[in-house]
There are 2 protein chains.
Amino acid sequence: MKTDNCTCNPLSIDARILEKTDPETCKKRLAELSKGLAHPARVEILRILAHNPPEKRCICGDIVGVLPLAQSSVSRHIKVLKETGWIHGEIDGPCVCYCIVDGIIEYYMELVKRSIQE
Amino acid sequence: MKTDNCTCNPLSIDARILEKTDPETCKKRLAELSKGLAHPARVEILRILAHNPPEKRCICGDIVGVLPLAQSSVSRHIKVLKETGWIHGEIDGPCVCYCIVDGIIEYYMELVKRSIQE
DNA sequence: ATCGTTTATCGTAGATACACGATAAAGATA
DNA sequence: TATCTTTATCGTGTATCTACGATAAACGAT
């Protein structure tokens, strides 16, 4: 079931806060986020969430239909993405509304640059 | 032992080749490279290699001195970075010359963009 | 209250990751 | 040849990852 009005708070992250983050924390954060990306299924989930229009963000179970994995496996991948900080979800009736954290990709890129190049 | 003249071929990767890569392969490649980044010690190794001046790229054992890990553990992390495609190494006398693959960070960022955003 | 839908968690099993010390392999040096 | 240095690999133990089916939990609808 897909609802049109998503109750998801637009949780966002600003890449500029990195300026106040010490290098050691940056490395740990980068490693953590990278673990989230370290599986093709999770990349695909992020892709789906990133492409979902903002006004229709509740696509909880639709992900299960797309991926060639059991529902429990998909749920686990979603959990990893939540724990590593890529997405967040809020309960919306019987299903859960997931969305990608706003600005997380830019934040991640900035982390890569700062942790490796600077 | 650090040698000044590095025998490392400047193995490089061009982010533009991604244009010819199909989405499924991109996802797998991104997941693979991300696995390489998914540990703080490996991020630090990449940082060290990225900062090492080109004319002094052979710093094999120096990495062991910097990281709070046993030599065998560092060697294993280096192996992961090699296998996932971040670095490459060539034997240079008794030590091994490691360098970061040229352009790999830009390639990685491009992969993130293409696999998630496009 | 009962049923159907949706998502999370549990239990299990096999694979992979991570750390360490010990050892091997390769080349330089005496 | 013997020895030192440097790096890779092996063996071990512990922890985490991954997948699945089964089950539980939460909510809406009947």
Side-chain angles (χ1 to χ4, degrees), chain A residues 1-8 27-28 31-45 48-49 56-84 86-99, chain B residues 1-8 27-28 31-45 48-49 56-84 86-99:
Chain A
M1 191 171 86
K2 186 183 281 190
T3 59
D4 284 356
N5 46 345
C6 171
T7 59
C8 241
K27 270 188 292 183
K28 280 185 194 162
E32 200 179 10
L33 280 168
S34 298
K35 198 176 284 187
L37 277 190
H39 194 288
R42 294 200 287 271
V43 174
E44 178 63 21
I45 293 172
I48 292 170
L49 290 177
K56 282 193 184 180
R57 266 180 177 158
C58 301
I59 49 156
C60 35
D62 298 348
I63 301 171
V64 177
V66 173
L67 294 179
L69 290 172
Q71 179 267 327
S72 58
S73 304
V74 174
S75 184
R76 186 164 278 271
H77 281 302
I78 287 176
K79 193 179 182 188
V80 172
L81 286 172
K82 255 195 298 186
E83 286 170 347
T84 52
W86 282 97
I87 67 175
H88 66 117
E90 286 178 21
I91 295 169
D92 179 31
C95 55
V96 180
C97 160
Y98 285 111
C99 22
Chain B
M1 191 172 85
K2 185 183 284 192
T3 57
D4 283 356
N5 44 344
C6 171
T7 58
C8 243
K27 271 188 290 183
K28 281 186 194 160
E32 198 179 13
L33 279 167
S34 299
K35 197 175 286 185
L37 278 189
H39 194 289
R42 294 199 288 270
V43 174
E44 177 63 22
I45 293 172
I48 293 171
L49 290 178
K56 280 192 183 180
R57 266 182 176 157
C58 300
I59 48 159
C60 33
D62 298 349
I63 301 172
V64 177
V66 174
L67 295 179
L69 289 173
Q71 179 267 327
S72 58
S73 303
V74 174
S75 184
R76 187 165 278 270
H77 282 303
I78 287 176
K79 194 181 182 186
V80 172
L81 285 172
K82 255 194 298 184
E83 286 170 346
T84 52
W86 281 98
I87 67 174
H88 66 116
E90 285 180 22
I91 296 170
D92 179 30
C95 55
V96 179
C97 158
Y98 284 112
C99 23

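Chain identifiers are assigned alphabetically (A, B, ...) following the order of the sequence lines, protein sequences preceding nucleic acid strands; residue numbering begins at 1 within each chain.
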According to the salt bridge (charged side-chain N to carboxylate O under 4.0 Å, His left out) rule, which pairs have a member within residues 67-79 of chain B, sequence neighbours left out?
none

Would you indicate which nucleotide in C/dT6, C/dT9, D/dT9 comes nearest to any side-chain atom of A/Lys79?
C/dT9

Nearest whole angstrom, please: distance from the P of C/dT16 to the NZ of A/Lys35.
17 Å

Taking every non-hydrogen atom, the tightest pair across A/Ile45 and A/His77
CD1-CB, 3.9 Å

Calculate, to the nearest 0.5 Å, the distance between atoms OG and CD1 belonging to A/Ser75 and A/Ile63 respectively.
10.0 Å

Using the side-chain contact (heavy atoms from CB on, under 4.5 Å) rule, take A/Arg42 and A/Leu37 through it: C-alpha gap first, then chi angles, then the decisive distance, then the call.
CA-CA 6 Å; A/Arg42 294 200 287 271; A/Leu37 277 190; over 6 Å; no

Checking C/dA17, C/dA19, D/dT5 against the side chain of B/Pro94 (C-beta onward), the nearest is D/dT5

Could you give the NE2-to-P distance, from B/His39 to D/dT16, as a whole number of Å?
12 Å

Can you measure B/Leu37 atom CG to C/dA17 atom P for me and round it to whole angstrom units?
15 Å

Near DNA chain D, which residues from residues 70-78 of chain A have a heavy atom under 4.0 Å away?
A/Ala70, A/Ser72, A/Ser73, A/Arg76, A/His77

Restricting to non-hydrogen atoms, name the atom on A/Leu81 and the atom on A/Gly36 that form the minimum distance, rounded to 0.1 Å.
CD2-O, 3.7 Å

In this structure, how many angstroms lie between the P atom of C/dA8 and the NE2 atom of A/His88, rounded?
14 Å

Which pair of heavy atoms, one from A/Thr84 and one from A/Leu33, lies closest together, and at what distance?
O-CD2, 3.2 Å

B/Ile91 atom CD1 is separated from D/dA8 atom P, nearest whole Å, by 8 Å

What is the distance, to the nearest angstrom, from the CG atom on B/Leu81 to the C1' atom on C/dA17?
14 Å

Nearest-Å distance, CD1 (A/Ile63) to C1' (C/dT6)?
13 Å

Quick one: A/Arg42 CZ to D/dT18 P, roughly how many Å, whole number?
4 Å

